[in-house]
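To start, the structure itself, in structure tokens.
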Amino acid sequence: MIPTTPDELWQRACALKDLSLAQLAQALDQRLPEQPQQAKGWIGQLLELALGASAGNLAKPDFMHLNIELKTLPISLRGDPMETTYVCHAPLRPNPQETWEQSVVYQKLQHVLWIPIITDHKQAFAERTIAQPILWQPNASQLNILKQDWQELMDMIVMGDIESIDAKMGEYLHIRPKGANAKSLTIGHNTLGMSFKTLPRGFYLRTDLTKQILHTC
DNA sequence: ATTTGATCATGT
DNA sequence: ACATGATCAAAT
């Protein structure tokens, strides 16, 4: 079940093109959610199952041995991304010495298998279909912007300035809350070791970047 | 409580 | 219309 090579993963992903969620769920013996709005990660998990992703909820690329991350991406009928894309948890007590190349963001984004899902809210959830997959690696320009965004945001977290970060910062990569709700709090630390309660955060990719990816690959 | 999978829904 | 801030579910 676990793909051995990137090519095997790619072939398997391509074979899913044009399948509806209903068809894929049936093939995998999975039940479609009755309330899709209460099963937000369901499509991503279905694709993990279909393709043999192995990392579970570890902070690692889904296909650890291939260093490839799997991401589903809802797209409109026009082919544009409909949502930002969650990357990973944002550390609130970061190691100030960590470099961009060592970061989980970089590890995950250096190679991504995108599975676009054609999403039309006028049609039934089960009839959403899988579009052509894209195997992407950031180009030099994209990588530079991602690195700058990451460094700017991480510098603020290290300084203990998490509360002054908002989602408007960052050209491609930004930080937003990532918790059960606005009441769930976690502990942040600044560089002096002082701790405080704050919302859990996550890194997300803006649609500006995913739109580029969809239209240039 | 944390991290994964994300999308929902309100405010601008 | 769109992005930001809020939220839902499962695994550990």
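Throughout, protein chains are lettered first and strands after them, A, B, ... in sequence-line order, and every chain is numbered starting at 1.
Comparing A:Q38 and A:T84 by the nucleotide of DNA chain C that holds the closest heavy atom to each, the one mapping nearer the 5' end is A:T84. Comparing A:T119 and A:Y86, the nucleotide of DNA chain B nearest to each residue sits closer to the 5' end for A:Y86.
Atom CZ of A:R206 and atom C1' of C:dA1 are 16 Å apart (whole Å). In this entry the distance linking CG of A:D208 with C1' of C:dT4 reads 14 Å, nearest Å. For the pair A:E34 CD and C:dA9 C1', the interatomic distance rounds to 15 Å; values are reported in whole Å.
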Would you list the atom pairs, donor with acceptor, under 3.5 Å between side chains in residues 25-35 of chain A and any protein atom, with sequence neighbours excluded?
residue: A:Q30; atom: NE2; partner: A:L28; partner atom: O; Å: 3.3

Could you pull out all donor-acceptor pairs under 3.5 Å where a side-chain atom in residues 112-121 of chain A meets a protein atom, sequence neighbours excluded?
residue: A:T119; atom: OG1; partner: A:I117; partner atom: O; Å: 3.0
residue: A:D120; atom: OD1; partner: A:K122; partner atom: N; Å: 2.9
residue: A:D120; atom: OD2; partner: A:Q123; partner atom: NE2; Å: 3.4

Show me, pair by pair, the donor-acceptor contacts under 3.5 angstrom made by side chains of residues 96-106 of chain A, not counting sequence neighbours?
residue: A:T99; atom: OG1; partner: A:Q102; partner atom: N; Å: 3.3
residue: A:T99; atom: OG1; partner: A:Q102; partner atom: OE1; Å: 3.3
residue: A:Q102; atom: OE1; partner: A:T99; partner atom: N; Å: 3.0
residue: A:S103; atom: OG; partner: A:W100; partner atom: O; Å: 2.7
residue: A:S103; atom: OG; partner: A:Y106; partner atom: N; Å: 3.1

Give the table of side-chain donor-acceptor pairs shorter than 3.5 Å for residues 146-155 of chain A, with sequence neighbours excluded, one pair per line with atom names and distance.
residue: A:D149; atom: OD1; partner: A:E171; partner atom: N; Å: 3.0
residue: A:D149; atom: OD2; partner: A:E171; partner atom: N; Å: 3.1
residue: A:D149; atom: OD2; partner: A:Y172; partner atom: N; Å: 2.7
residue: A:D149; atom: OD2; partner: A:L173; partner atom: N; Å: 3.0

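Counting only distance, with no hydrogens or angles, the side chain of A:E127 and the backbone of A:A124 share no donor-acceptor pair below 3.5 Å. In this structure, A:Q137 contributes its side chain and A:H111 its backbone to no donor-acceptor pair below 3.5 Å. At distances below 3.5 Å, not a single donor-acceptor pair connects side-chain atoms of A:K211 with backbone N or O atoms of A:R206. For A:Q23 (side chain) and A:L19 (main-chain N/O), no donor-acceptor pair under 3.5 Å exists by modelled atom type. Between the side chain of A:R93 and the main chain of A:S195, no donor-acceptor pair closer than 3.5 Å is present.
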Tell me, with the steps shown, if A:T216 and A:N139 meet side chain to side chain contact (heavy atoms under 4.5 Å, CB included). CA-CA 11 Å; A:T216 62; A:N139 65 34; over 6 Å; no

Test side chain to side chain contact (heavy atoms under 4.5 Å, CB included) on A:L143 and A:Q110 and set out the steps. CA-CA 9 Å; A:L143 212 45; A:Q110 49 101 16; over 6 Å; no

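Across residues 67-74 of chain A, A:E69, A:K71, A:T72, A:P74 each have a non-hydrogen atom less than 4.0 Å from an atom of DNA chain B (numbered order). Within residues 167-190 of chain A, the residues having any heavy atom under 4.0 Å from DNA chain C are, by residue number, A:A167, A:K168, A:H174, A:R176, A:P177, A:K178, A:G179, A:A180, A:N181, A:A182. Within residues 76-83 of chain A, no residue is approached by DNA chain C to less than 4.0 Å at the level of any non-hydrogen atom.
Contacts of A:Y204 with the nucleic acid, taken as non-hydrogen atoms under 4.0 Å apart, include base atoms. Note on A:Q35: nothing from the nucleic acid sits closer than 4.0 angstrom, heavy atoms only. Looking at heavy-atom distances under 4.0 Å, A:G41 makes contact with a base.
Scored by the side chain to side chain contact (heavy atoms under 4.5 Å, CB included) test, A:A15 finds no partners at all (sequence neighbours excluded). Shown here are the salt bridge (charged side-chain N to carboxylate O under 4.0 Å, His left out) partners of A:E163, two or more places apart in sequence or in another chain: A:R201.
With contacts defined as side-chain heavy-atom distances shorter than 4.5 Å, the pair A:Q107/A:N67 qualifies. Counting heavy atoms from C-beta outward, A:Y204 and A:T85 have side chains that stay 4.5 Å or more apart.
Residue A:L199 has its side chain nearest to C:dA6 when only C:dA6, C:dT7, C:dG5 are considered.
Contact footprint of chain A on DNA chain B: nucleotides with an atom under 4.0 Å from a non-hydrogen protein atom, first to last in 5' to 3' order, B:dT2 to B:dC8.
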Atom pairs, protein N/O to nucleotides 10-12 of chain C N/O, distance under 3.5 Å:
residue: C:dA11; atom: N3; partner: A:N57; partner atom: ND2; Å: 2.9

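Residue pairs meeting the ring-ring contact (aromatic ring centres under 6.0 Å, His included) criterion with at least one member in residues 5-53 of chain A, sequence neighbours excluded, are A:W42-A:F125.
Between A:T207 and C:dA3, a side-chain N or O to OP1/OP2 separation shorter than 4.0 Å is present.
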